[in-house]
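The structure appears right after this line, and notes come after that.
When reading the values below, keep in mind they use all heavy atoms of this one structure, side chains included, and skip hydrogens, waters and symmetry mates. Predicted model only: the values in this text are computed from it and were never measured.
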Amino acid sequence: MIENRLDALLEAGFTDRLGERDRMLLARRALLRSCYEEPSPVLSDSWWFAVPGERYEGLFTALELHDRFPVTLDEGADVARLPHRPGAIPVFVTPELDGWRLITGNLEDVVGVDWDEWMGAVERLSAHCGEAQMFFEDEAGGSNVWVVAERGRIRRRYTGEDDPEWVGEPLPWEDLLVDEEYFDPEHDEAEPNEGTADAATACRHLSVDPTRIGADTPIRGHGWLALSAPGVGHKGLVGLVRS
């Protein structure tokens, strides 16, 4: 399938109606391009999910995403800025990066912005993928959240705002204030979990820091663009494919 035919296919919005052979050709195209692609940082637009690369297939069911379309890391990085059809919001699933797949772009529209919607999404992802993580940073608003869930349940959660909140037992890599050499429990005071890392630090220990993806980051396979509604095609997303 030559490039101009692919452009026409995207512009017509027929990618949700492709046969198996054409889907294989598009996947091959994305894989070939990915072989020559140097990984670069992914802009998360404040929050993102991470799931294990070997069990990522379940994420499409967990988040009710449809009509996936194979893309490279570079092609999917601007997903939040792509035009889209009403009711069919695009989400980007990265190639496998150091063993993990990141999910980013337009999550506020697909998942929601309420706390229960966030926690429900990470729990569903962990139920379908075995494990899932969520990271959220809002420097302007002072919010900082990271969550680790396994098999449908939250194992560890940190919420840093005016009143920090911790859920679950500390993970081995966390540097808590009470564990510091200079901390004297007879004279010093600290919350049991005080010192927990923020999201920027936590993601480096738990999976992948999207801002630090680079030439040394192991990359495997291709990424996916998926939509929040089925059967509407990718019409208007022709800008995704670059010459």
For this session: Using the test ring-ring contact (aromatic ring centres under 6.0 Å, His included), find all partners of Trp100 that sit at least two apart in sequence or belong to another chain.
Result: none

Exercise. What salt bridge (charged side-chain N to carboxylate O under 4.0 Å, His left out) pairs are there with at least one residue in residues 90-104, not counting sequence neighbours?
Worked result: Glu96-Arg220

Exercise. Taking Val91 as the fixed residue, which of Val79, Ile103, Leu225, Asp109 is the one that meets the side chain to side chain contact (heavy atoms under 4.5 Å, CB included) rule?
Worked result: Ile103

Seminar exercise, completed: side-chain hydrogen bond (donor to acceptor under 3.5 Å, both in side chains) filter on Arg151, not counting sequence neighbours, yields none

For this session: With sequence neighbours excluded, tell me which residues meet side-chain hydrogen bond (donor to acceptor under 3.5 Å, both in side chains) with Glu57.
Result: Arg68

[X] side chain to [Y] backbone, donor-acceptor under 3.5 Å:
X      : Y      : value
Asp67  : Leu227 : no
Glu117 : Val113 : yes
Trp118 : Gly112 : yes

For this session: Report the relative orientation of the aromatic rings in Trp146 and Tyr158; use parallel for angles under 30°, tilted for 30 to 60°, perpendicular for over 60°.
Result: tilted

For this session: Please report the C-alpha distance between Ser126 and Glu150 in whole Å, then the side-chain angles of each, then the deciding distance to 0.1 Å, and finally whether the side-chain hydrogen bond (donor to acceptor under 3.5 Å, both in side chains) criterion is met.
Result: CA-CA 5 Å; Ser126 72; Glu150 296 177 352; over 6 Å; no

Look up atom [atom1] in [X] and atom [atom2] in [Y], then write down how far apart they are to the nearest 0.5 Å.
X      : Y      : atom1 : atom2 : result
Phe92  : Leu65  : CZ    : CG    : 13.0 Å
Gln133 : Leu125 : CD    : CG    : 11.0 Å
Asp198 : Phe135 : CG    : CZ    : 11.0 Å

For this session: Please identify each residue that fulfils salt bridge (Lys or Arg N to Asp or Glu O under 4.0 Å) with Glu54, with sequence neighbours left out.
Result: none

Problem set entry | Residue pair Val71, Trp224: steps toward the side-chain contact (heavy atoms from CB on, under 4.5 Å) verdict | CA-CA 5 Å; Val71 294; Trp224 296 100; 5.6 Å; no

For this session: Would you kindly say whether Asp209 and Thr211 are connected by a side-chain donor-acceptor distance under 3.5 Å?
Result: yes

Problem set entry | With Arg157 via side chain to side chain contact (heavy atoms under 4.5 Å, CB included) - residues at least two apart | Trp115, Met119, Val147, Ile154, Thr159, Glu165, Val167

